[in-house]
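First the proteins, then the strands, lettered A, B, ... as listed; each starts at 1.
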Number of protein chains: 2
Amino acid sequence: MRFHSPAIQYFHAVRRTGSIRAAARLLNVASSAVSRQILKLEQEVGSPLFERTARGLTLTTVGEMLARHVMNVLQDLDRFRSDVASLSGAWHGAISIACIESLTESVLPDLIAAHRSRARRVSFTTMVMGSSDVLEALRRGEADIGIAIALRHPPDLRQVALKRFRLGALVAREHPLARRKTVTLEQCLAFPVIQALPELSIYHLLQPLIAQLSETPEPAIQADSIDLMRELAARGVGVAFQTQLGIIRLSRVAQLVFLPLDNAGSPVWSDLGIYVRAERTLPAFTDSFLQELVRELGERERRENAAYPHIA
Amino acid sequence: MRFHSPAIQYFHAVRRTGSIRAAARLLNVASSAVSRQILKLEQEVGSPLFERTARGLTLTTVGEMLARHVMNVLQDLDRFRSDVASLSGAWHGAISIACIESLTESVLPDLIAAHRSRARRVSFTTMVMGSSDVLEALRRGEADIGIAIALRHPPDLRQVALKRFRLGALVAREHPLARRKTVTLEQCLAFPVIQALPELSIYHLLQPLIAQLSETPEPAIQADSIDLMRELAARGVGVAFQTQLGIIRLSRVAQLVFLPLDNAGSPVWSDLGIYVRAERTLPAFTDSFLQELVRELGERERRENAAYPHIA
DNA sequence: ATAGCCGTTGCCGAAACGGCAGCAACATGT
DNA sequence: ACATGTTGCTGCCGTTTCGGCAACGGCTAT
């Protein structure tokens, strides 16, 4: 099925690789063919699409506009293909998910496993990264579905759902704070804390609260891995701060206790957003999984927030 | 700018004209060229796209899927073109509007005139039709913006806004009812009425109410034109029923009085929806007009509903 | 300076495209 | 029943476009 002129596909490959020769290798054609198609495109648009630097090509403003159009075309072509395929009973495809680390512990593996058991012909690709990178991966078309801390999202992304989870402290069973129901930030800072580095969005959630305090804490440990922080907390090294997501299940297995943060009588929320490219219609099998994701995350939001009493 | 393979454009022309030779005439090419491209497409998709009848071609299920994709591609290409053009300062384009007759009296001419005075390079095409035809014109890509009585809209259309206006009776100044503030349906039926034919959506709004009455009225006149009904009412022929839209201005000029309908103590609403193809990003100049349309209609909703007291 | 990678450009064979004329199938009008 | 017009389809052939090969100039890093 090669409906569209080679120029479209070549342009897309060049944009992704940032190089004509690399794109040619990717496409299994001669680099001259790619070069000519790009030149022809630029002539038809009437404006250069790339800036030729010494090392590779960079999109111009017009080039980015065309990139948007080309991505819309190719993604919609994918959808059309899957629509036709599903008509003859073949329900298969590939779903690519970009998400932050908090999801990898329980939400995503549970969901993917459940979905795979029903639809075995749907394959998954998951990419773990920071929140802003998640949005960027979506814009570049490298992921179909993105899950990230809800930042102010650009207009070319659509926020499918917004779920809020408690931010809390994670301590070992033997920790002096472990018997409390909730904790304030001040109470935590009396003990050694495992602080998140700015690469993690938890840092940006807690920083404004910490800034309000009179004294700045001396962090015992700074880390950039949710998983590592969790393991450190389990070993009693200090107090870690995390989203409540999936902690309940973990608390039973590991020696961990989750304590919702109490910020002047109200909880501290960590908003999780589910994102999708706005200018795109998802294939049926992708949309199906997306619905399950939204449902599951909503279910966890309800359940996990009910598990702890309101602070106020 | 002919990025896309001729097959796409030829297919689009054939779909619109329903004939290969007609499409060929439209495209200024030989019919054999068109026929071959369609055959090639069908071979690549692996399934026939059209059903060949004695007189022309009709889309198959797969054909309709491809038609959707092709429309997405071509409409997005338009958007890209206008984006590039606006980059070099040229803010121009064409907007096609499908709407029901109620809008032609004041809303649409006012808005178009105002918009043209600001952006002279934007041209308009308006098509007046029934509500369900408005939605159909949007789906077929024959209109950019649709305004219709808010029916249950198909998922491939997006309801940008929903505004409600009073349904009421329209009578001449000398009519016995003219001095009332509101009227019930029964009160109207004591006089000759100008009834809407099923082609008009007013029919479908009033029919369930009329059906509840004990006696069925004998219509003096049945018509399928809003304008004609209005003119008849002005001449004292009978009572017409219309949406309140734009009547206020008209009442001053013509010899007309608008009386909101009172249905067991509550108003009778006529919901007006503004629609757009869901799988489409509008060009900037189209979106700009759309925003003005939504704003203006919201303004009228507020103003005209405030002009008459609540019945309840 | 040398080597390596970059994008571009002639040259040429191959593939795709479009126009012309003619075909059979069907609908319409006399 | 017959003639006529229209439909989509198909060989044939000239034109256009595309892609592969090799070479060129520009640039960077060693």
Engineer: Taking only side-chain nitrogens and oxygens of B:Y10, does any of them come within less than 4.0 Å of OP1 or OP2 of C:dC17?
Structural biologist: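 Checking B:Y10 against C:dC17: no side-chain N or O falls below 4.0 Å of OP1 or OP2.
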Engineer: Under 6.0 Å between ring centres: does that hold for A:F11 and B:F3?
Structural biologist: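 Aromatic pair excluded; centres sit 6.0 Å or further apart.
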Engineer: Look at the side-chain N and O atoms of A:Q37 and state whether any lies under 4.0 Å from the OP1 or OP2 oxygen of D:dG19.
Structural biologist: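 Checking D:dG19 against A:Q37, a side-chain N or O does come within under 4.0 Å of OP1 or OP2.
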Engineer: Atom CG of B:L49 to atom C1' of D:dG8: distance rounded to whole Å?
Structural biologist: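 Roughly 15 Å, once rounded to whole Å.
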Engineer: Nearest whole angstrom, please: distance from the P of C:dC17 to the CD of B:Q9.
Structural biologist: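 Spelled out: CD on B:Q9 to P on C:dC17 is 13 Å.
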Engineer: Please tell me whether B:H92 and B:F285 form a close aromatic pair, meaning their ring centres lie under 6.0 Å apart.
Structural biologist: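 No, ring centres 6.0 Å or more apart.
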Engineer: Nearest whole Å is fine: how far is D:dT17 C1' from A:E44 CD?
Structural biologist: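 Interatomic distance, CD of A:E44 to C1' of D:dT17: 12 Å.
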Engineer: Report the nucleotide, chosen from C:dT8, C:dG18, D:dG20, that has the shortest atom-to-atom distance to any side-chain atom of A:V29.
Structural biologist: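 Closest nucleotide among those given: D:dG20.
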Engineer: May I ask you to evaluate whether B:K40 reaches the phosphate of C:dC17, defined as a side-chain N or O under 4.0 Å from OP1 or OP2?
Structural biologist: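 Checking C:dC17 against B:K40, a side-chain N or O does come within under 4.0 Å of OP1 or OP2.
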Engineer: Just how far, in rounded Å, is C1' of D:dC9 from CD of B:E51?
Structural biologist: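 Spelled out: CD on B:E51 to C1' on D:dC9 is 18 Å.
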Engineer: Give a yes or no on whether the backbone of A:I95 and the side-chain of A:T286 come within a donor-acceptor separation of less than 3.5 Å.
Structural biologist: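 No.
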Engineer: What is the distance from CD1 of A:I20 to P of D:dG19, rounded to the nearest Å?
Structural biologist: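 The distance from CD1 of A:I20 to P of D:dG19 comes to 13 Å, rounded to the nearest Å.
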Engineer: Counting side-chain heavy atoms from CB outward, which of D:dC18, D:dG8, C:dT8 is closest to A:R21?
Structural biologist: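 Between D:dC18, D:dG8, C:dT8, the one nearest the side chain of A:R21 would be C:dT8.
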Engineer: Report the nucleotide, chosen from C:dT8, D:dT7, D:dT10, that has the shortest atom-to-atom distance to any side-chain atom of A:R52.
Structural biologist: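 For A:R52, the side-chain atoms sit closest to C:dT8.
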Engineer: Tell me if a side-chain donor or acceptor on B:D144 pairs with a main-chain N or O of B:S96 at a distance below 3.5 Å.
Structural biologist: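 A pair under 3.5 Å: yes.
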Engineer: By nearest atom, which of the nucleotides D:dT7, D:dC18, D:dG11 is closest to the B:S19 side chain?
Structural biologist: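 So the side chain of B:S19 is nearest to D:dT7.
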Engineer: In whole angstrom, give the distance that lies between atom CD of B:E42 and atom C1' of D:dC9.
Structural biologist: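 Roughly 12 Å, once rounded to whole Å.
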Engineer: Can you tell me how far the CE atom of A:M71 sits from the CG atom of A:L66, to the nearest 0.5 Å?
Structural biologist: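 So the gap between those two atoms works out to 10.5 Å.
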Engineer: Select one nucleotide: of C:dT8, C:dG18, D:dG8, the one nearest the side-chain heavy atoms of B:R36.
Structural biologist: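 Closest of the options to the side chain of B:R36: C:dG18.
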Engineer: So, under a plain 3.5 Å distance rule, would you say the side chain of B:R55 forms a donor-acceptor pair with the base of D:dG5?
Structural biologist: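 Answer no: no donor N or O sits under 3.5 Å from an acceptor.
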Engineer: For B:L57 and D:dT7, what is the distance between atoms CG and P respectively, to the nearest whole Å?
Structural biologist: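 From B:L57 CG to D:dT7 P: 11 Å.
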Engineer: Within the 4.0 Å heavy-atom criterion, would you say B:I38 contacts the bases, only the backbone, or no part of the nucleic acid?
Structural biologist: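 Answer is nothing: B:I38 stays at 4.0 Å or more from every strand.
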Engineer: To the nearest Å, give me how far apart CZ (B:F3) and C1' (D:dC18) are.
Structural biologist: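 Roughly 19 Å, once rounded to whole Å.
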Engineer: Name the residue closer to the 5' end of DNA chain C, choosing between A:R2 and A:A33 according to the nucleotide with the nearest heavy atom.
Structural biologist: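 The 5'-side residue here is A:A33.
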Engineer: If you check every side-chain atom of A:S32, which of D:dT6, D:dC12, D:dG20 has the closest atom?
Structural biologist: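 It is D:dG20.
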